[in-house]
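Notes for the one structure printed next.
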Amino acid sequence: MDERYSRQILFPGIGKEGQDKIRSKHVLMIGAGALGSGNGEVLTRAGVGRLTIVDRDYVEASNLQRQQLYTEEDVAEKLPKAAAAKKRLKAINSDVEINAIIGDATPSMLEDLVKDVDIIIDATDNFETRMTINDVSQKYKIPWIYGACVGSYGMSFSIIPGKTPCLNCLLRTIPMQGLTCDTGGIISPTVQMVIAHQSAEALKMLVEDWDAVRTSFVSFDLWRNQYTSLKMGKAKFSGCLSCGEERTYPYLDQENMTKTTVLCGRDTVQIRPSVQGAISLEKLAGQLGSLGYTVKGNPYLLSVEMGSERMVIFNDGRALIHGTKDLTHAKSIYQRILG
Amino acid sequence: MDERYSRQILFPGIGKEGQDKIRSKHVLMIGAGALGSGNGEVLTRAGVGRLTIVDRDYVEASNLQRQQLYTEEDVAEKLPKAAAAKKRLKAINSDVEINAIIGDATPSMLEDLVKDVDIIIDATDNFETRMTINDVSQKYKIPWIYGACVGSYGMSFSIIPGKTPCLNCLLRTIPMQGLTCDTGGIISPTVQMVIAHQSAEALKMLVEDWDAVRTSFVSFDLWRNQYTSLKMGKAKFSGCLSCGEERTYPYLDQENMTKTTVLCGRDTVQIRPSVQGAISLEKLAGQLGSLGYTVKGNPYLLSVEMGSERMVIFNDGRALIHGTKDLTHAKSIYQRILG
Amino acid sequence: MNKVLFFAHLRDAVGEEFLKLDVAGKTIAELKAELATNYDLPKLDTVMTAVNEEFAQDDEVIQDGDEIAFIPPVSGG
Amino acid sequence: MNKVLFFAHLRDAVGEEFLKLDVAGKTIAELKAELATNYDLPKLDTVMTAVNEEFAQDDEVIQDGDEIAFIPPVSGG
């Protein structure tokens, strides 16, 4: 072990004591796309004790350009990202305990998961989940690290309950969709830069060097050669419903959550049935096959070609409709198959 | 192919035309350690046409903490880094032509290799090789991208012949006893941050967006939350032997390079650095001691046990590596400690 | 006089990296409303505002010489 | 008065993030020599110098109020 981690033990900010602390910690990471791949790899290589990964997607060809844990074989096998990530992370460091959860990070799931978690890494692709992370963070007093990017533009901010402003202080409401990934695309250096900031903050928190934690909000543009460090002293909002005195944690209430979502940057609608539960993919595959559809599957999901659209159905009843951004249309396709 | 690269084609700085350019280019990368792993992966995922990788080392346990292409299996098999890198990169993107060269990046090798190369990525761990890259870059008019890091501190600078100052303008001579990852430690977010800068510059150059190329020298410290962008307008040195009017390309002359010799009749390699001068044995002994090495010394020399080898370093920078006859391996050990 | 900077897609919407405007005495909210009227910008409710590299609330009053930046949070990841 | 900043291992050697020194009228080379004498610093020949965030040669003369930074190139990778 000492040889393996010798170069970071040599770094004065970590040392032998810091390495032991990293080893004793549990990190919850929401998302295993671009930011999740990179943050997960940094923490696994650094020797974190436990890493819990939550992701609802499977690996697609368009991910390979920037999502560093995945290969062409994962695409061919349509592996869920959480499962593919775990496979690669175990090959990198077999000492780290990896919990892979294939599913949507709902409020109730997050409240269940955070019990013994030390920090939360944001690697999601939407503000709704981030607001839920933010409320969970405040309610259970667990620091989290916001990170996001589009095009050559990215940002990061460390949120420590009781100390810094929270994401809801800054946004007040969930920003309208469609501003970003659909139109902006993404290059992988931007992802790397956000990962650098998030994972450095994560290491500081894991070794409990709270004085080193960044208090500014960083944003940058790698193509335009900009870097801004924003002082956040005046950002805390006393009336904040997530961290203020009269807090209600609005994003922990499932009733406030959307049931159908256009996935950011993708021509895809996600459908979450109001009641989730195990469905028989095998039986469904048989039915659809006899209907003449081209169906491929594995134990986690079923992929069905439907003209210009393609539906991927997970075994909890959730589905992704590729080839549309129309929520109603997507729901219609879904209901045609699953009732 | 369009689906695979769709997210970066969507980015206005690249587009369809940019993607075709990336596809038509050949990148030479010197080194496949931490910076080489990350830069190689970004470029391979981005779909570069050809990537030539030169590295002289094999994968060791202490690499796994930050070198993102390698796994525990590569360590167990003691694979050369260039070969292990190629294996992983082909699994990531089988369309990219990867040339893996296992060997030392000498002046003559680099002059042979650069013939049809578009850009050179610096992923080495020592200044001598960087100065050779710098001379090759000037002589054959090929841009290169300097990147380096130690601890939480890193830097990058884009060097375009005929336009920007060169590395020899900035340094004038090879720094003695620079801090290396083996003596100063390193955390992996620092590596990611340098990679973000280097690979963004690489993409700009590959799509020929020369106006976007960064003209400032970036340095940062992720633990101390610093970021500096240094204007380089006054950095060009008219008397520079690498890029000035009376240039001699001193680092293409084998006579000016580190000399390695197998001592006759002994299992020992002698290393003579290109620049000789007093080095602080006391300080070095302290650093190596804190790394866990067994060190003995007197005012004239230092003896360090390094596994099956033993290095004796004299106070003029000369060294003997006992226990090997492999010149490249011996030089690698030397430069890892002394930069 | 004030320098007003735009980041990411806001910059594309405005068509300039920055504008020179005389907005001293106005609040950030007033400036946001003015910009939304004069330029093809999305609503700026959830865009973060910096005055002289420090986060500013919507009711902050702009002083002469202040440099204002609009930094839109993004959701990609 | 001048603010003199140190990066990376130079900072550890000096023991401070920055020094307040009155070095107006001196050249960068003279300042380097003075620092090497007064602090446990390595030779600063190959350390890059910035004056007000711009690269400066060794013969540049320091003005009052200039902020000087010493940025050591490193070789790790």
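The structure displayed is predicted, hence computed values, not measured ones. Lettering of chains follows the sequences in order, A, B, ..., and the numbering in each one begins at 1.
Per-residue counts of heavy-atom pairs under 4.5 Å with chain B were compared for Ile14(A), Val218(A), Asn93(A), Thr190(A); the largest is that of Asn93(A). Most heavy-atom pairs under 4.5 Å with chain B, from the set Pro12(A), Gly47(A), Ser216(A), Gly13(A): that is Gly13(A). For the options Val213(A), Ile195(A), Asp209(A), Thr215(A), heavy-atom pairs under 4.5 Å to chain B are most numerous at Asp209(A). Ranked by heavy-atom pairs under 4.5 Å with chain B, the list Leu203(A), Val191(A), Asp211(A) is led by Leu203(A). Contact count against chain A (heavy-atom pairs under 4.5 Å) is highest for Ala91(B) among Ser199(B), Gly151(B), Ala91(B).
Taking every heavy atom of both residues into account, Leu222(A) and Lys204(B) meet most closely at O-NZ, 2.9 Å. Heavy-atom minimum distance, Tyr227(A) versus Met193(B): CE1-CE, 4.3 Å. Here the shortest heavy-atom pairing between Trp223(A) and Ala200(B) reads CZ3-O, 4.4 Å. Pairing each heavy atom of Phe11(B) with each of Ile187(A), the nearest pair is CD2-CG2, 3.6 Å.
In this structure, chain B has heavy atoms under 4.5 Å from both the backbone and the side chain of Ser94(A).
Using non-hydrogen atoms only and a strict 4.5 Å limit, the part of residues 60-69 of chain A facing chain B consists of Ala61(A), Ser62(A), Leu64(A), Gln65(A), Arg66(A), Gln67(A), Gln68(A), Leu69(A).
Considering Arg4(A), Arg88(A), Lys90(A) as possible partners of Glu72(B), the one that fulfils the salt bridge (Lys or Arg N to Asp or Glu O under 4.0 Å) test is Arg4(A).
Within a 6.0 Å radius of CD in Glu77(B), more than 12 heavy atoms belonging to other residues, nucleotides or ligands are found.
Every residue two or more places apart in sequence or in another chain that forms a salt bridge (Lys or Arg N to Asp or Glu O under 4.0 Å) with Glu208(B) is listed here: Lys21(B), Lys25(B).
Put simply, the side chain of Glu201(A) reaches to within 4.5 Å of the side chain of Asn225(B), judged on heavy atoms.
For the atom pair OG (Ser229(A)) and CD (Gln226(B)), the distance works out to 10.5 Å, reported to the nearest 0.5 Å.
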